[in-house]
Amino acid sequence: MNCAICDAESSPVFTKTVLFAYRVQYFRCGRCGFVQTESPHWLDEAYSSPIASLDVGLVHRNITTAEKFAFIIDSTFDHGGRFLDYAGGYGLFVRIMRDRGFDFFWTDRYCPNIFAQHFSIDDLDANKATFNLVTAIEVMEHLIDPYRELDEMLGHSRSVLFTTELAPDHDLENWWYLVPETGQHVSFYTLESLRIMADRLHLQFYSDGHGLHLFTDRTLSVFPPEGRRVPWWRRWARNRKGALKPSTRLLLDFEHVRKIVAERKQW
């Protein structure tokens with residue numbers, strides 16, 4: 001099997017039982033360390049529910065990621081710009097970021113938009129569907145063809161801020177992040193594999209060395225932004241110059257949705 005990232009030869013390293021039913025081989029690239037499953041024929045079954053019941057960290061992850069990303073946007077990007085959360089799930093992250101004052105929108109091919117209705121990319125005019133930044137939270141490990149999906153993300157912005165855990169060098173077979181019970185995680189990255197991806201996409205690559213990463217055409221002096229106290233992202237300024245206050249954004253969003261509901265006479 002060839003590596004989906006660098007095309008080098010990948011060798012089988014272990015077998016897992018996926019969805020409690022299928023014996024699946026996992027392969028690791030000898031060049032960049034990228035780990036992938038065999039061709040995932042089980043995905044229709046795995047996504048019969050788009051959000052797995054095992055994902056008990058969904059709410060906590062969205063809350064903490066929102067605080068981190070808010071700090072990064074304030075420090076590195078134009079906080080008055082427009083942003084897109086790719087594969088945004090139920091829309092919880094978009095709703096949190098809008099409540100914080102950021103002009104975030106949602107897109108997801110497989111999951112219903114519950115919390116960010118009327119703030120989908122489809123609600124924007126075509127000439128407004130450009131973004132300062134695309135975010136992708138716990139998306140990369142789901143991708144069969146990472147380059148194809150990234151091409152789609154980069155069609156919206158030349159900066160993609162994303163989270164995914166890095167594959168360990170040792171005891172990979174017992175790594176919790178494999179989650180074979182759900183069958184949804186099929187791709188696992190190393191720093192080297194992400195560097196190769198960035199090079200092929202003609203982008204800069206930045207990482208905190210753990211689970212937070214950025215592809216961008218910008219050149220940054222430091223990433224993540226430095227803070228005086230640990231953790232770095234808790235220095236986010238809650239009254240940010242030039243950005244809407246959370247209460248203002250929430251009120252504007254409420255009026256926007258109320259107008260749509262009134263027009264459609266459907267709540």
Side-chain angles (χ1 to χ4, degrees), residues 1-58 61 65 85-90 107-111 134-154 160-198 200-201 205 207 210-213 215:
M1 191 170 190
N2 288 341
C3 175
I5 303 302
C6 71
D7 300 318
E9 183 178 351
S10 293
S11 302
V13 285
F14 55 81
T15 302
K16 287 281 187 181
T17 300
V18 169
L19 291 174
F20 304 99
Y22 308 107
R23 294 297 290 171
V24 173
Q25 278 195 316
Y26 289 69
F27 296 78
R28 186 157 207 168
C29 176
R31 177 189 176 195
C32 71
F34 178 73
V35 178
Q36 63 197 97
T37 67
E38 63 184 74
S39 181
H41 54 82
W42 58 87
L43 289 187
D44 285 346
E45 185 176 346
Y47 286 101
S48 58
S49 174
I51 304 296
S53 61
L54 269 179
D55 193 3
V56 296
L58 185 148
R61 179 173 66 248
T65 302
D85 191 36
Y86 186 88
Y90 292 140
T107 185
D108 195 310
R109 290 195 295 270
Y110 304 107
C111 197
V134 170
T135 58
I137 303 168
E138 298 300 291
V139 173
M140 298 290 288
E141 61 276 5
H142 294 257
L143 305 182
I144 306 171
D145 186 347
Y147 285 112
R148 182 178 64 83
E149 295 282 348
L150 272 166
D151 281 343
E152 184 170 337
M153 296 183 211
L154 293 167
V160 178
L161 180 63
F162 62 99
T163 65
T164 193
E165 295 296 315
L166 297 175
D169 294 328
H170 307 289
D171 203 25
L172 177 64
E173 184 174 0
N174 297 312
W175 188 30
W176 69 272
Y177 203 63
L178 298 175
V179 203
E181 297 90 345
T182 70
Q184 295 184 359
H185 288 192
V186 297
S187 296
F188 309 93
Y189 306 81
T190 61
L191 283 175
E192 180 60 20
S193 65
L194 293 175
R195 289 190 188 101
I196 290 172
M197 291 188 75
R200 291 193 174 189
L201 295 167
F205 170 58
S207 174
H210 302 285
L212 177 64
H213 321 282
F215 291 147

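Heads up: numbering here begins at 1 and tracks the sequence.
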Considering residues at least two apart in sequence or located in another chain, which fulfil the ring pair (Phe, Tyr, Trp, His ring centres under 6.0 Å) criterion with Phe27?
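Phe27 satisfies ring pair (Phe, Tyr, Trp, His ring centres under 6.0 Å) with no residue once adjacent residues are dropped.
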
What residues, two or more places apart in sequence or in another chain, satisfy ring pair (Phe, Tyr, Trp, His ring centres under 6.0 Å) together with Phe188?
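Partners of Phe188 under the ring pair (Phe, Tyr, Trp, His ring centres under 6.0 Å) test: Trp175.
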
Residues which pass side-chain contact (heavy atoms from CB on, under 4.5 Å) with Thr190, listed by chain and number, not counting sequence neighbours:
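Result, side-chain contact (heavy atoms from CB on, under 4.5 Å) vs Thr190: Arg28, Ala167, Glu192, Ser193.
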
Please list, chain by chain and in numerical order, all residues satisfying side-chain contact (heavy atoms from CB on, under 4.5 Å) with Leu201, sequence neighbours excluded.
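Residues passing side-chain contact (heavy atoms from CB on, under 4.5 Å) with Leu201: Tyr147, Leu150, Asp151, Leu154, Leu203.
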
Backbone N or O of [Y] within a donor-acceptor pair of the [X] side chain at under 3.5 Å?
X      : Y      : answer
Thr163 : Glu138 : yes
Gln184 : Tyr47  : no
Trp42  : Gly183 : yes
His213 : Leu194 : no
Glu38  : Gln25  : yes

Which atom of [X] lies closest to which atom of [Y], heavy atoms considered:
X      : Y     : result
Val139 : Ala87 : CG2-CB, 3.7 Å
Leu58  : Ile51 : CD1-CG2, 3.5 Å
Cys6   : Cys29 : SG-SG, 3.4 Å

Hey, are the side chains of Pro40 and Ile144 touching, using non-hydrogen atoms and a 4.5 Å cut-off?
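Yes; the side chains approach each other to less than 4.5 Å.
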
Side-chain contact, heavy-atom cut-off 4.5 Å: Arg195 with Ser207?
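Not in contact.
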
What's the separation between atom [atom1] in [X] and atom [atom2] in [Y], rounded to the nearest 0.5 Å?
X      : Y      : atom1 : atom2 : value
Asp85  : Thr135 : CG    : OG1   : 3.5 Å
Cys3   : Phe34  : SG    : CZ    : 6.0 Å
Arg31  : Asn2   : CZ    : CG    : 12.0 Å
Leu178 : Glu165 : CG    : CD    : 12.0 Å

Side chain to side chain contact (heavy atoms under 4.5 Å, CB included) partner of Tyr26, the single match among Val186, Thr37, Thr15
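Option passing the side chain to side chain contact (heavy atoms under 4.5 Å, CB included) with Tyr26: Thr37.
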
State whether a side-chain donor-acceptor pair under 3.5 Å links Gln36 with Ser187.
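Result is no, nothing qualifies.
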
Those residues that, when tested against Glu152, pass salt bridge (Lys or Arg N to Asp or Glu O under 4.0 Å) (two or more places apart):
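Once residues adjacent in sequence are excluded, the partners of Glu152 under the salt bridge (Lys or Arg N to Asp or Glu O under 4.0 Å) criterion are Arg109.
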
Suppose the criterion is salt bridge (charged side-chain N to carboxylate O under 4.0 Å, His left out): which pairs have a residue in residues 170-185, not counting sequence neighbours?
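The answer is none; no pair qualifies.
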
Would you please test Thr164 and Tyr177 for side-chain contact (heavy atoms from CB on, under 4.5 Å) and show each step?
CA-CA 10 Å; Thr164 193; Tyr177 203 63; 3.5 Å; yes

Tell me if the centroids of the rings in Phe162 and Tyr86 come within less than 6.0 Å of each other.
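No, they do not, as the ring centres are separated by 6.0 Å or more.
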
In this structure, is the centre-to-centre distance between the rings of Tyr22 and His41 below 6.0 Å?
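Yes: the rings meet the under 6.0 Å criterion.
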
Given side-chain contact (heavy atoms from CB on, under 4.5 Å), test Glu45 with Leu19 step by step and report yes or no.
CA-CA 8 Å; Glu45 185 176 346; Leu19 291 174; 4.0 Å; yes

Would Val24 and Thr17 count as a side-chain contact (heavy atoms from CB on, under 4.5 Å) if you check the C-alpha gap in whole Å, the side-chain angles of each, and the deciding distance to 0.1 Å?
CA-CA 6 Å; Val24 173; Thr17 300; over 6 Å; no

Check the pair Leu143, Glu149 against side-chain contact (heavy atoms from CB on, under 4.5 Å), reporting the backbone distance first and the verdict last.
CA-CA 7 Å; Leu143 305 182; Glu149 295 282 348; 3.5 Å; yes

Atom CG of Asp44 with >12 non-hydrogen neighbours under 6.0 angstrom:
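No, the 6.0 Å shell around CG holds no more than 12 heavy atoms from other groups.
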
Ion pair Asp55/Arg61, N-O distance below 4.0 Å:
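Looking at Arg61 together with Asp55, the answer is yes, because their closest N to O distance falls below 4.0 Å.
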
